[in-house]
Amino acid sequence: MLSGNIVADAQLYATSNSSYGGDVVAFTNPGGIRADLVYDQLSDGELLGQVTYGEVFSVQPFGNSLITMTLNGTQIDALLEQQFDNPSPGDKRILQVSKGFSYAWNESAPTGKKVEISSIKINGVSLDPNGFYRITVNGFLADGGDNFSVLKEGIDRTGGPHDMDALVSYLGAFSPVSPGPIIALLW
């Protein structure tokens with residue numbers, strides 16, 4: 001089964017070069033992943049472990065363009081806080097994140113204080129609340145979808161490829177691909 005972190009890794013890979021603004025992290029929403037990509041699911045002459053375009057389309061059928069933007073560290077912390085009590089109190093929409101990004105959260109902490117900003121790291125380096133970071137999300141999220149309104153504040157936006165094309169390219173470049181680790185930690 002393909003994890004959402006792999007989808008975020010594919011988006012990071014597709015937009016990390018300077019022509020898209022050189023992002024350092026990608027986020028994707030769980031609702032943007034519509035099906036599992038299963039290793040042993042076979043279709044029409046496919047060999048075990050092969051992935052068809054149709055299977056990738058079932059995972060990401062929306063045709064969202066990827067958007068790379070700049071957020072500061074405080075905005076990234078606010079983005080992570082918007083995962084909780086979303087869409088209603090007690091619910092959560094946990095974003096899937098690309099490799100190199102980690103943070104800890106405390107579910108019992110009050111709303112708006114669940115993520116300790118000092119726990120947020122990009123490639124092992126602590127996030128600077130006043131620093132600026134290039135991030136990539138799909139167009140739905142970039143417009144504040146799924147109540148992630150802080151993303152509407154992102155500046156220096158650069159359009160990228162479609163999310164599905166990014167996933168196809170990533171799977172082709174890094175085959176075989178294993179599901180990524182869960183990197184959001186509870187504390």
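Note that these values count all heavy atoms, side chains included, but never hydrogens, waters or copies made by symmetry.
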Using the ring-ring contact (aromatic ring centres under 6.0 Å, His included) rule, collect all pairs that involve residues 75-97, keeping only residues at least two apart or in two chains.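 Every ring-ring contact (aromatic ring centres under 6.0 Å, His included) pair that includes a residue of residues 75-97, provided the two are not neighbours, is F84-W105.
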
Where at least one partner belongs to residues 149-176, residue pairs that pass ring-ring contact (aromatic ring centres under 6.0 Å, His included), sequence neighbours excluded: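 Sorted pair list: Y13-Y170, Y13-F174, Y170-F174.
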
Minimal non-hydrogen separation, [X] against [Y], with atom names:
| X | Y | answer |
| --- | --- | --- |
| A26 | L12 | CB-N, 3.7 Å |
| L66 | A14 | CD1-CB, 4.3 Å |
| S126 | S118 | OG-O, 4.1 Å |
| S119 | A104 | OG-N, 3.0 Å |

Please evaluate residues Y133 and V25 with respect to the criterion side chain to side chain contact (heavy atoms under 4.5 Å, CB included), reporting the C-alpha separation (whole Å), side-chain torsions for both, the decisive distance (0.1 Å), and the verdict. CA-CA 8 Å; Y133 301 90; V25 65; 5.8 Å; no

Within this structure, what is the [atom1]-[atom2] distance for the pair [X] and [Y], rounded to the nearest 0.5 Å?
| X | Y | atom1 | atom2 | value |
| --- | --- | --- | --- | --- |
| M164 | S169 | CE | OG | 10.5 Å |
| I120 | L80 | CD1 | CG | 5.0 Å |
| F132 | I76 | CZ | CD1 | 10.5 Å |

Qualifying salt bridge (charged side-chain N to carboxylate O under 4.0 Å, His left out) pairs with a residue from residues 82-92, counting only residues at least two apart or across chains: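 Non-adjacent pairs meeting salt bridge (charged side-chain N to carboxylate O under 4.0 Å, His left out): K92-E107.
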
Show every salt bridge (charged side-chain N to carboxylate O under 4.0 Å, His left out) that has at least one partner inside residues 121-150, sequence neighbours left out.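 Every pair satisfying salt bridge (charged side-chain N to carboxylate O under 4.0 Å, His left out) with a residue in residues 121-150: R93-D146.
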
Could you list the residues that satisfy side-chain contact (heavy atoms from CB on, under 4.5 Å) with [X], not counting sequence neighbours?
| X | result |
| --- | --- |
| P61 | R34, F57 |
| T74 | N72, P129 |
| N123 | none |

If the condition is side chain to side chain donor-acceptor pair (under 3.5 Å), which residues does [X] pass it with, not counting sequence neighbours?
| X | value |
| --- | --- |
| D156 | none |
| T15 | D23, T136 |
| E81 | none |

Side-chain contact test, heavy atoms from C-beta onward, threshold under 4.5 Å: evaluate it for [X] versus [Y] and give yes or no.
| X | Y | value |
| --- | --- | --- |
| D163 | T28 | no |
| N5 | K99 | no |
| I117 | Y103 | no |
| L141 | L95 | yes |
| I33 | Q96 | yes |

Among N64, N147, N138, exactly one meets side chain to side chain donor-acceptor pair (under 3.5 Å) together with N29. Which residue is that?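 The option that passes is N138.
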
So, using ring pair (Phe, Tyr, Trp, His ring centres under 6.0 Å) as the criterion, who are the partners of F140 when residues are at least two apart?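 Scan of F140 (ring pair (Phe, Tyr, Trp, His ring centres under 6.0 Å), adjacent residues dropped) gives none.
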
Please set out all donor-acceptor pairs under 3.5 angstrom arising from side-chain atoms of residues 148-155, sequence neighbours excluded.
| unit_1 | atom_1 | unit_2 | atom_2 | d |
| --- | --- | --- | --- | --- |
| S149 | OG | Q82 | NE2 | 3.0 |
| E153 | OE1 | Q75 | NE2 | 2.9 |

